[in-house]
Amino acid sequence: MRLAPAPTASRRFAQGLLALAALVLVTGGGGGRPAFADTLDDAVNGLASGSGEKISAAVKQLATLDDPRAIPALDALCDDRLRAGADGRAWIFDSHTHDLKDPLTGAPAPAGARPAKEVELDNDIRREAQPVLAQLQLASPDKSVRLAAAEELSKAGSDDAAVMLHKAYDKEKDKGVHDALALAVARLDIQSKDPAARLAAVQLIHKSGNDAMLGELQRLLSVGADGQPQEPDAQVRAEAKEALNAVMSRRRIITAVGSVIYGVSLASVLLFAALGLAITFGLLGVINMAHGEMLMLGAYATYAVQTFFQNHLAGAFQYYLVAAVPVAFIVTFAVGVVLERLVIRHLYNRPLETLLATWGISLILIQTVRLIFGAQNVAVANPDWLAGGVELAHGLVLPYNRIGVVVFVVAVSAAVWVLLYRTRLGLNVRAITQNRNMAACVGIPTKRLDAWMFGLGSGIAGLGGVALSQLGNVGPELGQSYIIDSFMVVVLGGVGRLAGAIVSALGLGVINKLIEPAAGAVMGKIVVLGFIILFIQRRPQGLFAIKGRSEA
Amino acid sequence: MLDQGKNLTMIRRYALSSLLLLGASTFGACEKEEPKPAAAPAAPAAPAAPAAPAAPPADDKGPIKVGILHSLSGTMAISETSLKDVALMTIDEINEAGGVLGRKLEPVVVDPASNWPLFAEKARDLIQNQHVAVTFGCWTSVSRKSVLPVFEELNGLLFYPVQYEGEESSWNVFYTGAAPNQQAIPAVEYLMSKKGGNAKRWVLLGTDYVYPRTTNKILRYFLHSKGVADDDIMEKYTPFGHSDYQTIVADVKKFAAGKRTAVVSTINGDSNVPFYKELGNQGIKATDIPVVAFSVGEEELRGVDTKPLVGQLAAWNYFESIDNPTNKAFIDKWMAYVKKNNLPGGDKRVTNDPMEATYIGIHMWAQAVAQAHTTNVDAVRQAVGYQHFKAPSGFDITMDAENHHLHKPVFIGEVKADGQFRVVWKTEGPIKAEAWSPYIPDDKGKIANWLYPWACGNCTEAKYK
C-alpha cells in the first residue's frame, strides 16, 4: 500500500556517490588504509546498535571521520531504512524489493544477516545525525545537494561543524549555496567574541531577510538579568535593530502574499466543489443534495484506480492519477444520468421534493460506499510528482498538490466554458435555462439534454473528487463537508452563471484566508457566512444575474 | 405555463433557506460535533421495546444482558465501529470460558448514529427496556455528557473507554481511558526534555469542542507552572472536518522561528490527514517541529498515507507494537475474530488504545460480577474498585476505587512508515489518574473519592463526617 519515498536529491546523490566511492576503491584510492576503513566500518555498524547512546557515539565518530562514504548509511538512518542484521552489522533495507544491502559497498546481504531488526531510533538521534549527514554532503559535486545541506546546517548550527563550515564557505563557488552557507556561518559568528564578526553576521542576516535567525536578533537586543543589554557593542545593537525591522517587514509582506495565495488555493477547492453544482443547480434548477456524494464517488474512483495500479501496473504507478481522471468522470457521469432518468426528471419544477429525494439518495450512496469499502477512510497517496512543494520565499511554500488542483480547476472550467458557450450543445442548454417551453417549441430535445447536463454536472463533481482526494481524506462522508460550501458559492455567484461561480469562489476563498490569521478558522467561517446572508438580502439574484424581464 | 423568472426566484428562495439550514447545522456542529440529521436510520439491533411495563430483570438463570452503545453510522462510525467489534469479541471470549456466574453474556448492540441526544435515548432504552446489567460505550465527551444524567437517574453502570479531558467523576461511570495526567501532561513533559527536543515554545492546536479546549486549558496552566510565558504559547482551533491547514501551518512555522517549538495537537479524526499532509508539503519535519497528537492512533493511521507523518509523535496508554505475550495473545485473538466474522478491512485491521481499554473494562466488570456474585449495579460497583487485570500494555493495572479511573502506564510513540508506532518513552509503571487537574486554580481542593466517608465525585469536604 505504501508509496516509495520521494527520490530526494540526497538519495540520488547518495547513489551516485556510492558508485564514485566504489570507483575510488577500485582505482586504488582504497589501497592503503585498512585501519581507516575498519574504523569507518565499525562506526557505520555502530549506527545499528541497540541503544541510543551507542548510536549517537557512532554518529559522532562519523562526524570526526568526515568520510563521504558514510552518507548512504546516515541517510538510511534518518529515513528509517537502516536495519540491524542478525550478524550484528548494519544493512540498508529496500522497502520495495525487501533486499538488504551493505551500506558501504552496496553488496547484497548474506543469508546470515536475516532476520534484520529495525534500528530503535528517535527524533533525538535524527537531530544529531542530520547535521552530520549535511556536513558530509557539503562536499557533494551536486549543487542541489550542497544547497540542501547548507540549509540544514544553518538550521541546526552545530558548533562542531564551525571550522568545516567556514572552510566550505570560502570554497563555495555557486551563489545560492554560498548564500545559504553564509547564513549558517552567520549563526555561528553571532555568538563570536569578536564584535566585528558579530557585526558582519548581523549585516548578513539583514541582507538575507531570513526570519530563521529572528530569535538570535531578539536575544542581542534583549536586556539581561543584570540590567545590561545582551550585546555590549552599541554599533552591533543598532545594526541588529535595523536587521530586526527588515526581517519583520519582509515577514509581513510574505504573510500578506501568502494569504492571497492560500486564498486562491482554497478558492480552487471551493470552485471544484461548486462547478458541477453550478450546472445541475444553476442551469437545470435541481437542488441536488447528493452533489457532495458525486465528489465522494469521484474520490473513491481515484482510490479504485490507485489500487488497480498497485496490483497490476506497479511500474506506471506514478501516473495512476492520469488514468483516474477519465475513470472518475465516466463513473460519476453514469451515476448522474441514471439518477436523472430514474428520479429527478419526475420532480422538475418541484424543488422541495427534489431536495428531499436527493437528500435520501445521498444517504443511500453514503451507506452503499460504506458497505463496499468500509466505514474507514481509505488512503489515497500523492504521486511523487505531487508531493512536496516549491519554496517561493523563505517561509512561503507552495505545495505541488495545491498547485496541481489550481491548474486542474482552471482547465476544467475552461473546458466547461467552451462547452457551454462555444458549442451547439451549450447553446441549446442555455436556451433551456432561459425558457424551457420555448426551447422545446423550437425543437430542442429538452428531456435528453436534461439528462446529459445532469450527467455532466455530476461528472465534473467526479473530477472534483479526484482533486480533493489529493488534498484531504477519502471517506464515505467526504461529500457532506463540501455540500454547504458548494451551495454557498453557487448562490452567491448567481444561479445559472458560470462566471458567477468562479468569481464568488475566488472571493470567498481569499476573504476567508485574509480573515483567518486575525480571527481564527472558526470565526473566519462564521464571518463569511454572515457576509453571504447579508449580501443575499441586498441582492437575492447573486453577483451575476441573468437578465430577464421578471427580474429588475 | 410557469413563469421562468418566478421559477428562478422560487429556486433561489429555496436555495437560500436550505443554505441557512445547512449553515445552522454546521455551526451547531462547532459545539456538537457534526450531528447527523434525526432521520438517520434507526438501529437494526434495537427492536421496538414492548410497551407493557417490563418484567423485573430478577431472573438469574438466563443470559446476562450487556449493552453496547457505540455509533455504527455517522461521523464517529469511523472510530467507534471497532470498539463495538472488540466488545463483541471480548464477550465471546468470556462466554467461551463459561460465562459469568455460570451464565452467558448476551450483547445488546444499539446504534446512536453519532447523534448526541440519541445517545441518551438509546441509553435509557438499554437500561429501562432491555434491562442490561452494564453498558460499554461512548467515544466523544459530548456523547458521554449526554448519557450521564440517564445513567445517574436510573442507576445504570457505564464503562467509558476513551481518553478524555477529565474534570469529572460519576458514581455510575468507570473511566478506562486516560485522564489528562495520564496522557497530555507526560507528553508535554517529554517534549520539554532533552530527548524530546527541549521545546520552549508551544502551539496548542485543536478541533473546536470541549475535549481540546479543556485539555488545552489544563496544559496552559501546566506550562505556566513550568515557567512558560503566555507569549510562548499559541492556541488555535479549527471547526470539525476542517481541511484547509495552509494558514495555520504557515503561522506555526512563523511562530517557531527563533525558539524550539513543539505542537500539541488535539485535532480530532478526519482533519488530521490534511493537517499532516500540509506539514509534510510545507517541509516541516518532526526533527524541526515535533507534533504530538492525542487523537491519532493505529486505527486513524489506517486510512492515511503515512509518508508525511513519519517521526511525529502520539501519546497513549497502549500501542499495538508493544512487544509482550499478553499483547500478542490479544492481537492474535482480535485477528482471529476479524477473520472468523469476515469484518471489513480483513488482515489490515489493527488494535488501538480505546480497544484495549474496552477489553480491560469488560474483563474487570466480569471479574467484579463473579466476585459480587450478582449483577446488581450497587454490588458490582463496589466490587469493580480494586479489580486488577493483566493488560495488553504489559502491566497489571488496577481500577481506582476512589475516583473510578484506571491506573495506566503512559507510552509515547513515533509514527513509522507502516502506520505503527515505535515506543520512544514510557513510564516505569501505571500512574494514578487525576480526575480534577491540580493545575487548574478552580479545581483546587476538589476531590473525587467514592469511598466512605467522602462518597462524592466533586467536593471539597467529605459527605459523612
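Everything numeric here is computed off the predicted structure, so don't read it as measured data. Note on naming: letters A, B, ... go to the chains in the order of the sequence lines (proteins, then strands), and numbering restarts at 1 for each one.
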Ion pair check, B:Lys253 and B:Asp288, cut-off under 4.0 Å:
no

Which bit of B:Arg349 comes within less than 4.5 Å of chain A, counting heavy atoms only: side chain, backbone, both or neither?
neither

Correct closest heavy-atom pair for B:Gln246 and A:Tyr262 would be OE1-CD2, 3.1 Å

Could you look at A:Asn401 and say if it's the side chain, the backbone, both or neither that has a heavy atom under 4.5 Å from chain B?
side chain

Among B:Ala256, B:Gly311, B:Ser243, which residue forms the greatest number of heavy-atom pairs with chain A at distances under 4.5 Å?
B:Gly311

Heavy-atom cut-off 4.5 Å, strictly under: side chain, backbone, both or neither for A:Gln470 against chain B?
backbone

If you round to the nearest 0.5 Å, how far is CG of A:Leu266 from OG of A:Ser259?
11.5 Å

Among B:His242, B:Lys259, B:Lys254, which has the most heavy-atom pairs under 4.5 Å with chain A?
B:Lys254

CD of A:Glu128 to OG1 of B:Thr287: how many Å apart, nearest 0.5 Å?
12.0 Å

Between B:Asp244 and A:Lys513, is there a side-chain N and carboxylate O pair less than 4.0 Å apart?
yes

Contact leader toward chain B among A:Ile125, A:Val269, A:Thr255, where contacts are heavy-atom pairs under 4.5 Å
A:Thr255

Tell me which of these, A:Gly475, A:Cys78, A:Gly472, A:Gly520, has more heavy-atom pairs under 4.5 Å with chain B than the rest.
A:Gly472

I'd like to know if the side chain of B:Asp111 reaches the main chain of B:Leu72, judged simply by a donor and an acceptor atom lying under 3.5 Å from each other, with no hydrogens or angles considered.
yes

What part of A:Leu471 lies closer than 4.5 angstrom to a heavy atom of chain B: side chain, backbone, both or neither?
backbone

Contact leader toward chain A among B:Ile248, B:Asn281, B:Thr81, where contacts are heavy-atom pairs under 4.5 Å:
B:Asn281

Taking every non-hydrogen pair under 4.5 Å, which of A:Glu118, A:Met523, A:Glu391 racks up the most with chain B?
A:Glu118

Could you grab the distance from atom OG of B:Ser321 to atom CD of B:Gln420, nearest 0.5 Å is fine?
6.0 Å

Which value, rounded to the nearest 0.5 Å, describes the distance between A:Asp122 atom CG and B:Ile412 atom CD1?
11.0 Å

In terms of heavy-atom pairs under 4.5 Å, which option from B:Tyr237, B:Trp425, B:Tyr276 contacts chain A the most?
B:Tyr237

Can you pull the salt bridge (charged side-chain N to carboxylate O under 4.0 Å, His left out) pairs that have at least one residue in residues 372-381 of chain A, sequence neighbours excluded?
none

Could you look at A:Ile254 and say if it's the side chain, the backbone, both or neither that has a heavy atom under 4.5 Å from chain B?
neither

Side chain, backbone, both or neither: which part of A:Gln130 has a non-hydrogen atom closer than 4.5 Å to chain B?
side chain

Could you tell me whether the side chain of B:Arg422 and the main chain of B:Lys416 form a donor-acceptor pair under 3.5 Å?
no

Between B:Pro274, B:Gly280, B:Pro290, the one whose heavy-atom pairs under 4.5 Å with chain A are most numerous
B:Pro274

Residue part contacting chain B, namely of A:Asp80, when any heavy atom lies under 4.5 Å
side chain

Would you mind checking which part of B:Gln282 comes under 4.5 Å of any heavy atom in chain A, side chain (CB onward), backbone (N, CA, C, O), both or neither?
both

Taking every non-hydrogen atom, the tightest pair across B:Ala199 and B:Ala262
CB-CB, 3.6 Å

Is it the backbone or the side chain of B:Lys277 that comes under 4.5 Å from a heavy atom of chain A, or both, or neither?
side chain

